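Notes to accompany the following structure.
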Amino acid sequence: MAAVLGFPSPEQVDVHRGFVDAGGTSLGAVRLRNVLNAATGLELPVTVAFDYPTPLALARHLLSLLLASGSTVTDDPIAALDQLRFALKATALDAADQDELVTGLRDILEAFSIGQGTTAEGNEELEGARDDDLIELIGKEFGIS
């Protein structure tokens, strides 16, 4: 949405502010729909930016469509990481969800490190990290709090 509205960065988009209130036009809504279709593989209607006027509402709608479509994780790990980022940005996490996410990410990082010929103990940066540190890192990386 930031690119369509001409914002320098996604952080400058207020996720609670409506598309039209943020300067969106009908032509911008079509551009946004086209970008989203290309990024998600979905076939969204031209009115999607008006039907779900805030970035938060739109992101949640897209996430629900992707989950309902049985969208599978791609064989491309970078694309899978992008899917994870998208899902995390669209979701408000409570403390229990954050704890579960941190545990899951630690498991993934450990498996990846072991699979790359290193040991989990070799990753000192994560080894001593507290849950609060990891949650803060996740929040900064994915733009969630």
Side-chain angles (χ1 to χ4, degrees), residues 1-116 120 123-145:
M1 192 171 285
V4 170
L5 293 174
F7 288 51
S9 71
E11 291 78 23
Q12 293 183 320
V13 175
D14 179 351
V15 298
H16 301 288
R17 188 172 184 203
F19 179 73
V20 173
D21 292 338
T25 63
S26 295
L27 181 58
V30 173
R31 287 183 56 223
L32 178 61
R33 187 277 315 254
N34 292 345
V35 167
L36 293 173
N37 281 350
T40 63
L42 296 171
E43 293 294 326
L44 300 167
V46 158
T47 59
V48 74
F50 301 108
D51 297 338
Y52 302 91
T54 67
L56 184 60
L58 181 55
R60 287 183 174 155
H61 174 66
L62 292 173
L63 181 59
S64 70
L65 289 176
L66 289 169
L67 293 173
S69 72
S71 177
T72 58
V73 175
T74 177
D75 290 337
D76 176 1
I78 302 303
L81 182 59
D82 287 341
Q83 288 175 342
L84 176 61
R85 282 187 179 120
F86 178 81
L88 289 173
K89 284 181 180 180
T91 307
L93 299 174
D94 62 22
D97 289 339
Q98 289 177 356
D99 289 344
E100 187 173 339
L101 178 64
V102 167
T103 300
L105 289 173
R106 280 186 176 153
D107 292 345
I108 291 168
L109 289 171
E110 183 175 322
F112 181 76
S113 295
I114 292 169
Q116 297 299 314
N123 196 342
E124 292 84 15
E125 291 179 40
L126 291 176
E127 192 64 33
R130 299 180 325 224
D131 287 349
D132 291 346
D133 296 330
L134 292 172
I135 290 169
E136 181 180 341
L137 175 67
I138 291 166
K140 286 180 182 176
E141 177 66 24
F142 297 112
I144 58 176
S145 57

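If you're wondering where the values come from, they're calculated on a predicted model, not measured in any experiment.
- Closest non-hydrogen pair, Pro55 versus Val15, comes out as CD-O, 3.4 Å.
- Applying the side-chain contact (heavy atoms from CB on, under 4.5 Å) rule to Ala39 yields no partners; only residues at least two apart in sequence or on another chain are considered.
- Between Phe50 and Phe19, the ring-plane angle classifies as perpendicular under the 30° and 60° cut-offs.
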Could you tabulate the donor-acceptor pairs under 3.5 Å formed by side-chain atoms of residues 26-38, not counting sequence neighbours?
| unit_1 | atom_1 | unit_2 | atom_2 | d |
| --- | --- | --- | --- | --- |
| Arg33 | NH1 | Leu44 | O | 3.4 |
| Asn34 | ND2 | Val30 | O | 3.4 |
| Asn37 | OD1 | Leu44 | N | 2.8 |

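- Every pair tested for side chain to side chain donor-acceptor pair (under 3.5 Å) that includes a residue from residues 13-25 fails, sequence neighbours excluded, so the list is empty.
- Residues satisfying the side-chain contact (heavy atoms from CB on, under 4.5 Å) criterion with Thr47, sequence neighbours excluded, are Pro45, Asp51.
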